[in-house]
Amino acid sequence: MSLGAALRALLGDLAALFDDEGARVWFLLGSGTLLQVAFWYLATPGPALLGFAPRTPATAAVGIAWSLVTLLAVPALLFTASGGTLREMRLSRGDARAGWRLALVSSLVAVPVVAVGAGGAPALTAAYPWAGEAVGRSVPALLGWAALYALYYVAFEAFYRGFLLGALERPFGAATAVWLQAFAATLVHVGKPLPEVLAALPASLVFGVMAVRTRSVLYPAVTHLVIGLTLDVAALARAGALLP
């Protein structure tokens, strides 16, 4: 095969990846990949690994702001501009009765596991809370951090269990979509403490199934927030910085 023929064959194969039927899916997945990279570099864990950002409330607030942009605002805009709806992205209340029950059961299972596991994993307690030990100085500080942290988890779940799951479910089916979003959510944890990276895949599968069952990202976000705050409280307690 000549060089020209090889080039034409390569271009032809590349063109087949952009057929009209799957144009929206590939557009959303391509955009989602770029947004995930931006999230890693701008929010977490990029700043800590590349910029040696300190764990302070200000640093966390900037990271959460970027999370809202890269994982919620821009994805919602792209999803709706390409013909989808916010309901299809699971930005709705969904099945509240099933959702709160699943969130409660999942939290009751996760909280003791995370609390005990954090005590035996110095890497976790050295990395959390994201906002540093200042959030453990008083009850108002801890509650304020919980409110701010909730925004982060809403954005995170909106992207993985909303945007990605919504883009993948129709063309590939719910089961495949849950697996694919779980792979993406696990990869974005690379650079964080190893126990967290290892836990990301099973947790992402559970959150994905919850989102499919309840038709909402609210309940995975609540459960994720409970887990994150449990880890923070355990880390603060271990460091002797919880409500001194």
Side-chain angles (χ1 to χ4, degrees), residues 24-25 27-29 31-33 35-36 39 43-44 64-65 67-111 113-114 143 146-189 199-231:
R24 178 175 182 266
V25 177
F27 167 72
L28 292 177
L29 290 182
S31 301
T33 300
L35 287 168
Q36 176 169 276
F39 165 66
T44 175
I64 291 170
S67 301
L68 290 168
V69 172
T70 58
L71 300 185
L72 178 57
V74 176
L77 178 63
L78 294 176
F79 197 88
T80 54
S82 61
T85 67
L86 294 180
R87 184 174 293 275
E88 290 174 340
M89 197 174 152
R90 293 182 168 83
L91 297 181
S92 66
R93 195 165 67 99
D95 186 343
R97 185 174 182 180
W100 289 118
R101 287 181 176 179
L102 288 172
L104 177 61
V105 171
S106 300
S107 297
L108 289 174
V109 172
V111 165
V113 173
V114 172
L143 292 177
L148 187 62
Y149 214 12
L151 297 177
Y152 168 75
Y153 284 115
V154 167
F156 192 95
E157 294 302 319
F159 183 79
Y160 291 100
R161 267 60 82 169
F163 178 82
L164 281 186
L165 196 57
L168 294 165
E169 187 173 9
R170 184 176 297 176
F172 300 113
T176 299
V178 168
W179 275 103
L180 291 176
Q181 64 80 29
F183 293 153
T186 300
L187 287 175
V188 84
H189 282 77
L201 180 60
S204 295
L205 291 174
V206 171
F207 293 150
V209 171
M210 287 177 68
V212 170
R213 172 64 183 83
T214 65
R215 304 185 303 280
S216 174
V217 302
L218 172 61
Y219 312 105
V222 169
T223 308
H224 210 161
L225 173 62
V226 169
I227 292 172
L229 289 176
T230 299
L231 178 56

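If you read the sequence from its start, that first residue is 1, and numbering goes on from there. For clarity, every value in this text was computed on a predicted model and none was experimentally measured.
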Interatomic distance, CZ@Arg90 vs CD@Glu169, rounded to 0.5 Å, equals 4.5 Å
Ala182 and Leu205 have their tightest heavy-atom pair at CB-CD2, 3.6 Å
Any side-chain heavy-atom pair from Val226 and Val111 closer than 4.5 angstrom? yes
Tell me which donor-acceptor pairs under 3.5 Å the side chains of residues 72-83 have, and how far apart each pair is, sequence neighbours excluded?
residue, atom, partner, partner atom, Å
Thr80, OG1, Ala76, O, 2.8
Thr80, OG1, Leu77, O, 3.2
Ser82, OG, Arg24, NE, 3.1
Ser82, OG, Leu78, O, 2.9
Ser82, OG, Phe79, O, 3.0

Would you call the rings of Tyr152 and Phe156 parallel, tilted or perpendicular if under 30° counts as parallel and over 60° as perpendicular? tilted
Identify the heavy atoms of Leu68 and Ala155 that sit nearest to each other, and give their distance. CD2-CB, 3.9 Å
Going by side chain to side chain donor-acceptor pair (under 3.5 Å), name the pairs with one or both residues in residues 99-110, residues two or more places apart or in two chains. none
For Ala158 and Leu91, which heavy atoms make the closest approach, and how far apart are they? CB-CD2, 3.8 Å
Check ring-ring contact (aromatic ring centres under 6.0 Å, His included) between Phe183 and all other residues, then give those that pass, not counting sequence neighbours. Trp179
Could you tell me the separation between the CG atom of Leu180 and the CG atom of Leu164, rounded to the nearest 0.5 Å? 9.0 Å
Taking every heavy atom of Gly208 against every heavy atom of Leu165, the minimum-distance pair comes out as O-CD2, 3.9 Å
Residue pair Thr214 / Tyr219, side-chain heavy-atom distance below 4.5 Å: yes
Are Gln36 and Tyr160 close enough that some pair of their side-chain heavy atoms sits under 4.5 Å apart? yes
Rounded to the nearest 0.5 angstrom, the CG-CD1 distance for Leu71 and Ile64 is 11.5 Å
Report the distance from atom CG of Leu102 to atom OG of Ser216, rounding to the nearest 0.5 Å. 11.5 Å
Please give me the minimum heavy-atom distance between Thr223 and Met210, naming the atom from each residue. OG1-CE, 3.6 Å
Minimum heavy-atom separation for Leu168 and Gln181, please, with both atom names. CD1-N, 4.4 Å
To the nearest 0.5 Å, atom CG of Leu229 lies from atom OH of Tyr153 at 7.0 Å
